[in-house]
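Some notes on the structure that comes next.
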Number of protein chains: 2
Amino acid sequence: MRDVAALAQVSIGTVSNVLNNPDRVLPSTRERVEKAIAQLGWVPNQQAQQLRAGRGRTIGLAVMDVTNPFFADLLRSAQDVLFDNGFHATIGDADNNPQRQETILRTFLEQRVRGVILGPIGAQPDEVGELTKARIATVLVDRVAESVQCCTVGVDDHAGGRLAVDHLVETGHRRIAFAGGPISLKQVQDRLDGSKQAALEGDAELLVIAVPELDIAAGRQAADELVLMAPETRPTGVFCANDLVAIGLLQGLMAQGLSVPDDVAIVGYDNIDFAAAAAVPLSSIAQPRTDLGRTAANLLMAELADAEAGVAHAHQSVRFTPNLVVRESSAPRR
Amino acid sequence: MRDVAALAQVSIGTVSNVLNNPDRVLPSTRERVEKAIAQLGWVPNQQAQQLRAGRGRTIGLAVMDVTNPFFADLLRSAQDVLFDNGFHATIGDADNNPQRQETILRTFLEQRVRGVILGPIGAQPDEVGELTKARIATVLVDRVAESVQCCTVGVDDHAGGRLAVDHLVETGHRRIAFAGGPISLKQVQDRLDGSKQAALEGDAELLVIAVPELDIAAGRQAADELVLMAPETRPTGVFCANDLVAIGLLQGLMAQGLSVPDDVAIVGYDNIDFAAAAAVPLSSIAQPRTDLGRTAANLLMAELADAEAGVAHAHQSVRFTPNLVVRESSAPRR
DNA sequence: CTGAAAGCGCTTACAG
DNA sequence: CTGAAAGCGCTTACAG
């Protein structure tokens with residue numbers, strides 16, 4: 001900047017003004033400064049700008065797994081509204097690792113991001129408290145309010161679990177399994193609880209197949225367990241905690257000669273684009289992931305606007321309702 | 001920091017030292033400072049640190065589409081090695097939009113990131129020049145060297161295209177189509193060129209079905225085009241520029257009553273996890289995406305290490321070889 | 001081992 | 001309309 005000022009023969013304060021208050025500076029000098037900027041290829045140092053100004057325009061987005069299309073789509077939609085509002089997004093991928101999530105959040109803190117949108121791993125990350133304490137606007141996504149001191153947007157996972165198992169019960173299944181894990185994930189816990197309730201009310205057994213992670217490999221692992229069971233006791237319908245598990249399960253079962261849905265019916269969760277394209281098109285519980293992302297970003301923008309205006313902000317909790325999409329993988333039994 | 005110093009009754013210089021040169025400060029005072037930090041919940045301001053120190057430990061990762069599992073996996077693997085080396089990753093998603101990519105790169109520049117790993121959209125982003133000029137180490141991924149002034153790591157897309165079409169020719173196809181776009185993407189261009197060459201050598205026709213983007217919707221669009229054609233002239237084998245297009249094509253064809261591979265055989269590209277799980281398991285050209293990501297990150301680390309040591313850095317171009325994975329979607333015709 | 005002081009690259013009142 | 005000066009929160013020689 002000093003170089004720019006020297007080349008344009010003005011003070012650095014004037015250079016700053018052509019950037020931040022262009023109308024305060026004479027067109028002729030403005031032009032001179034702009035020419036100098038272009039000539040030197042100068043790019044302002046955001047660190048210095050923010051340090052001085054006190055706040056920047058960067059929003060941190062953290063999700064537990066970018067590799068899961070559900071989150072990728074969610075990020076995409078959130079990012080779109082952030083950009084439209086003139087903010088930058090910086091994405092953190094926790095890789096299903098709570099420790100990594102902590103690192104990411106810590107980094108956001110050190111970077112003094114303006115706000116954070118978090119799809120948290122644990123039940124209730126302590127870090128959220130630190131964020132709000134540091135006056136960083138935070139909205140939790142894919143998680144509903146639990147007396148948290150911030151805005152939240154989520155889907156009713158309990159209802160989603162019920163929906164899935166209700167459907168299996170209605171299509172005649174009495175031995176049902178839930179495949180998912182780890183149970184430390186609130187999503188998994190809620191979906192399981194919903195399942196249990198539906199199974200109870202439908203007078204069906206519910207076997208829990210615990211898997212370490214919500215990915216395709218975990219689904220294959222679940223398939224191995226099912227294949228080992230005697231056909232008379234083996235569940236005839238499986239509800240998977242997400243579509244990745246469902247896809248892995250489907251692959252594993254087919255590879256080992258079992259038929260879907262005839263031997264085992266499957267219902268997944270998230271309704272990612274790949275669910276419809278699976279070997280046997282997957283029934284799935286659809287979450288409005290695009291709305292989730294957009295809403296989260298809008299809530300954040302609203303909170304920042306309130307902060308700007310010095311108005312007190314009332315935290316909101318938006319909860320969407322999931323719905324069942326039936327496809328071939330759980331077509332009524334013949 | 002001032003508050004911490006006051007509470008611990010030391011100067012701010014000493015607080016800084018317990019962070020950066022813990023051994024220079026008496027254990028007893030160090031402890032006092034640490035207690036004060038914990039008590040106040042103080043988090044250092046990275047902006048100030050970097051501004052003063054001159055450089056930080058953040059690496060910018062930019063890809064054209066986080067929503068594509070190929071890139072999500074690539075990011076994941078690159079990120080792993082960055083973390084292991086004590087760097088933070090900040091991800092930018094260009095959303096297939098060159099303008100957005102420019103914004104991302106500009107932001108990286110303003111943020112004075114230490115290095116950038118870029119999976120570029122255009123042929124040769126000018127911004128790369130700006131990055132290197134600003135002494136930001138840059139490595140291009142999913143793109144081989146074109147006399148670029150930086151390290152690159154990529155896969156031979158031309159060979160990949162050949163591989164795919166050779167396979168179709170060998171399994172008896174003479175009317176072949178290439179489905180992909182936009183042609184402005186180097187990847188698409190190279191894969192098409194390879195296809196053309198293989199078609200020529202195999203004495204087969206090659207029809208180009210141009211699509212606007214490499215996603216599932218584009219694949220469905222290609223299906224619509226194919227379905228409209230008379231069976232006698234319709235291509236019997238289609239090579240898709242990536243697996244998303246292939247999956248969309250598969251869906252579209254099946255929905256409209258055509259059989260894969262009997263009516264139309266399909267070969268995709270990338271071999272994402274979902275390819276094997278598709279309605280008809282997809283043949284695909286496999287790229288070692290995990291190696292791509294890891295190698296890119298390692299090249300960057302090496303370049304930074306050289307810079308640190310004041311040694312001149314010799315840019316490297318690593319090129320991997322793709323290979324064909326045959327599955328049902330292109331099983332030899334009966 | 002600790003403190004005082006300069007300075008990183010900007011912005012922002014305040015004079016002129 | 002433009003410039004000089006203070007200060008954002010740190011780190012880093014330099015004294016002591």
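We name chains A, B, ... by the order of the sequence lines, and we start the count at 1 in each one.
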For [X], all residues meeting side chain to side chain donor-acceptor pair (under 3.5 Å), sequence neighbours excluded:
X	answer
B:Arg2	none
A:Ser11	A:Thr14
B:Gln187	B:Asp142, B:Arg143
B:Asp3	none

Notebook entry, point to check: Going by heavy atoms closer than 4.0 Å, what residues in residues 17-42 of chain B are next to DNA chain C?
Noted result: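 B:Arg24, B:Val25, B:Leu26, B:Thr29 - these, ordered by number, are the residues of the stretch whose heavy atoms sit under 4.0 Å from the strand.
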Item checked: Earlier contact from the 5' end, DNA chain C, for B:Ile12 and B:Leu51 ->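 In this pair, the answer is B:Ile12.
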Note to self: Going by the rule salt bridge (Lys or Arg N to Asp or Glu O under 4.0 Å), which residues pair with B:Asp291 if we only count those two or more places apart in sequence or in a different chain?
What the structure shows: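 Testing B:Asp291 for salt bridge (Lys or Arg N to Asp or Glu O under 4.0 Å), a comparison that skips the adjacent residues, returns B:Arg294.
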Next item on the list: Can you tell me which stems DNA chain D forms, taking runs of 3 or more consecutive Watson-Crick or G-U pairs with both distances under 3.5 Å?
Entry: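 Paired runs of 3+ in DNA chain D: C:1-3 with D:14-16, C:5-12 with D:5-12, C:14-16 with D:1-3.
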What pairs meet the side-chain hydrogen bond (donor to acceptor under 3.5 Å, both in side chains) rule with one or both residues in [range], with sequence neighbours excluded?
range	result
residues 77-87 of chain B	A:Arg100-B:Asp80
residues 19-45 of chain B	B:Ser16-B:Asn20
residues 55-65 of chain B	A:Arg76-B:Asp65

Item checked: Bounds of contact between DNA chain C and chain A, in 5' to 3' order, using a heavy-atom cut-off under 4.0 Å ->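 For DNA chain C, the relevant span reads C:dG9 to C:dT12.
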Item checked: Selection residues 111-122 of chain B - residue pairs positive for salt bridge (charged side-chain N to carboxylate O under 4.0 Å, His left out), sequence neighbours left out ->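 Sorted result for residues 111-122 of chain B: B:Arg114-B:Glu308.
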Check: Are A:Glu110 and A:Arg106 ion-paired here, with the side-chain N under 4.0 Å from a carboxylate O?
Finding: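 Looking at A:Arg106 together with A:Glu110, the answer is yes, because their closest N to O distance falls below 4.0 Å.
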Margin query: Just to be sure I understand the rule, does B:Val10 reach a base, reach only the sugar-phosphate, or reach nothing, if contact means heavy atoms closer than 4.0 Å?
Written below: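 Sugar-phosphate contact only - B:Val10 comes under 4.0 Å of backbone atoms but never of a base.
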